[in-house]
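Working notes, structure below.
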Amino acid sequence: MNLVDSSAWLEYFADGPNAGFFEAAITRKAELIVPTIVIFEVCKRVLQQRTEEEALRAVSVLHAGMVIPLSAELAVHAANVSYKLGLPMADSVILATAKLHGAVIWTQDSDFRGFPNVKFRATKRR
């Protein structure tokens with residue numbers, strides 16, 4: 001399973017320098033999980049930078065994967081991750097979701113650098 005985090009989705013949608021790196025995980029829809037926190041973050045950023053129509057289009061693309069809601073069980077697991085590792089809420093939810101589903105995280109977020117089962121690619125300037 002693959003979990004593409006918000007930074008990677010935004011890079012892909014913007015056709016940034018690392019878009020090709022993330023495309024492999026994004027296009028394997030049967031292996032793709034999408035936490036609801038990622039939907040929130042991507043939608044919010046696209047709303048800030050583009051239009052509501054483009055934000056809704058991005059959300060529809062994210063729904064091609066299996067959407068994983070933030071359940072009570074997942075929230076407790078994420079809280080433990082946040083407490084033990086000192087990660088922010090969204091990163092903790094993403095990491096906990098990946099662990100519970102045996103997924104690899106694809107990201108540009110340096111908070112995940114060095115974690116096992118993470119495919120990290122540093123942000124490149126255009």
Side-chain angles (χ1 to χ4, degrees):
M1 298 302 284
N2 293 303
L3 189 162
V4 177
D5 95 325
S6 307
S7 67
W9 278 108
L10 293 167
E11 179 76 358
Y12 178 77
F13 288 139
D15 197 23
N18 287 334
F21 178 74
F22 300 117
E23 185 175 16
I26 289 170
T27 57
R28 292 194 308 263
K29 293 172 179 54
E31 300 170 19
L32 182 63
I33 62 171
V34 182
T36 51
I37 193 77
V38 169
I39 294 172
F40 171 87
E41 288 185 319
V42 169
C43 184
K44 180 181 175 186
R45 179 63 65 190
V46 176
L47 283 169
Q48 290 171 333
Q49 297 176 346
R50 309 271 168 125
T51 66
E52 184 175 357
E53 182 179 323
E54 288 175 282
L56 293 174
R57 202 170 317 139
V59 168
S60 72
V61 172
L62 272 68
H63 273 88
M66 180 174 53
V67 174
I68 307 296
L70 181 57
S71 65
E73 175 190 2
L74 182 54
V76 169
H77 188 63
N80 278 305
V81 167
S82 181
Y83 172 72
K84 289 177 182 173
L85 301 177
L87 290 174
M89 180 189 71
D91 291 347
S92 298
V93 170
I94 290 167
L95 188 57
T97 303
K99 284 184 177 184
L100 288 175
H101 291 272
V104 172
I105 298 173
W106 295 73
T107 187
Q108 294 187 129
D109 185 338
S110 61
D111 285 346
F112 291 111
R113 180 181 245 159
F115 281 99
N117 297 318
V118 170
K119 301 281 186 178
F120 174 79
R121 179 69 53 103
T123 304
K124 295 180 184 175
R125 302 233 185 248
R126 287 188 180 204

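Sequential numbering from 1 along the given sequence is applied to the chain's residues. These numbers come from the heavy atoms of this one structure, side chains and all, not from hydrogens, waters or symmetry mates.
- For Thr107 (side chain) and Asp5 (main-chain N/O), no donor-acceptor pair under 3.5 Å exists by modelled atom type.
- Under the salt bridge (Lys or Arg N to Asp or Glu O under 4.0 Å) criterion, the residue pairs touching residues 47-69 are Arg50-Glu54, Glu53-Arg57, with sequence neighbours excluded.
- Each of Leu62 and Phe40 belongs to its own hydrophobic cluster when Ile, Leu, Val, Met, Phe, Trp and Tyr are linked at side-chain heavy-atom distances under 4.5 angstrom.
- For the salt bridge (Lys or Arg N to Asp or Glu O under 4.0 Å) condition, the pairs that include at least one residue of residues 29-49, sequence neighbours left out, are Arg28-Glu31.
- Closest approach of Leu70 to Thr36, counting heavy atoms only: N-OG1, 3.5 Å.
- Remark: His101 NE2 to Leu3 CG distance equals 9.0 Å, nearest 0.5 Å.
- Atom CD1 of Ile33 and atom CD1 of Ile105 lie 8.5 Å apart (nearest 0.5 Å).
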*Yes or no on side chain to side chain contact (heavy atoms under 4.5 Å, CB included) for Leu32 and Val4, after CA distance, side-chain angles and deciding distance?*
CA-CA 8 Å; Leu32 182 63; Val4 177; 3.8 Å; yes

- Given Leu85 and Leu95, is the side chain to side chain contact (heavy atoms under 4.5 Å, CB included) satisfied, shown in steps? CA-CA 11 Å; Leu85 301 177; Leu95 188 57; 3.7 Å; yes

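- Separation of atoms CG (Asn18) and CG (Leu10) is listed at 12.5 Å; rounding is to 0.5 Å.
- Linking Ile, Leu, Val, Met, Phe, Trp and Tyr whenever their side-chain heavy atoms come within less than 4.5 Å puts Val34 and Met66 in one cluster.
- In this structure, Met89 is a member of the same hydrophobic cluster as Ile39, with clusters built from ILVMFWY side-chain heavy atoms closer than 4.5 Å.
- Closest non-hydrogen pair, Thr97 versus Pro35, comes out as CG2-CG, 3.9 Å.
- Gln49 contributes atom CD, which lies 12.5 Å from atom CZ of Phe13 (distance to the nearest 0.5 angstrom).
- Taking each heavy atom of Pro17 and Glu11 in turn, the nearest pair found is N-OE2, 3.0 Å.
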Pairs under 3.5 angstrom only: tabulate donor-acceptor contacts from the side chains of residues 115-123 to other protein residues two or more places apart or in another chain.
none

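- Listed by chain and number, the residues in a side-chain contact (heavy atoms from CB on, under 4.5 Å) with Ala96 are Leu74, His77, Ala78, Val81 (sequence neighbours excluded).
- Cluster membership for Val67 and Ile94, using ILVMFWY side-chain heavy atoms within less than 4.5 angstrom, is shared.
- With hydrogens and angles ignored, the 3.5 Å screen pairs a side-chain donor or acceptor of Ser82 with a backbone N or O of Leu87.
- Applying the salt bridge (Lys or Arg N to Asp or Glu O under 4.0 Å) definition to pairs two or more places apart or across chains, none involves residues 86-97.
- Hydrophobic cluster membership is shared by Ile26 and Met1, with clusters built from Ile, Leu, Val, Met, Phe, Trp and Tyr side chains linked at under 4.5 angstrom.
- The aromatic rings of Trp106 and Phe22 sit perpendicular, their planes meeting at an angle over 60°, well past the 30° parallel limit.
- Evaluation of the side-chain hydrogen bond (donor to acceptor under 3.5 Å, both in side chains) rule for Trp9 yields no partner, not counting sequence neighbours.
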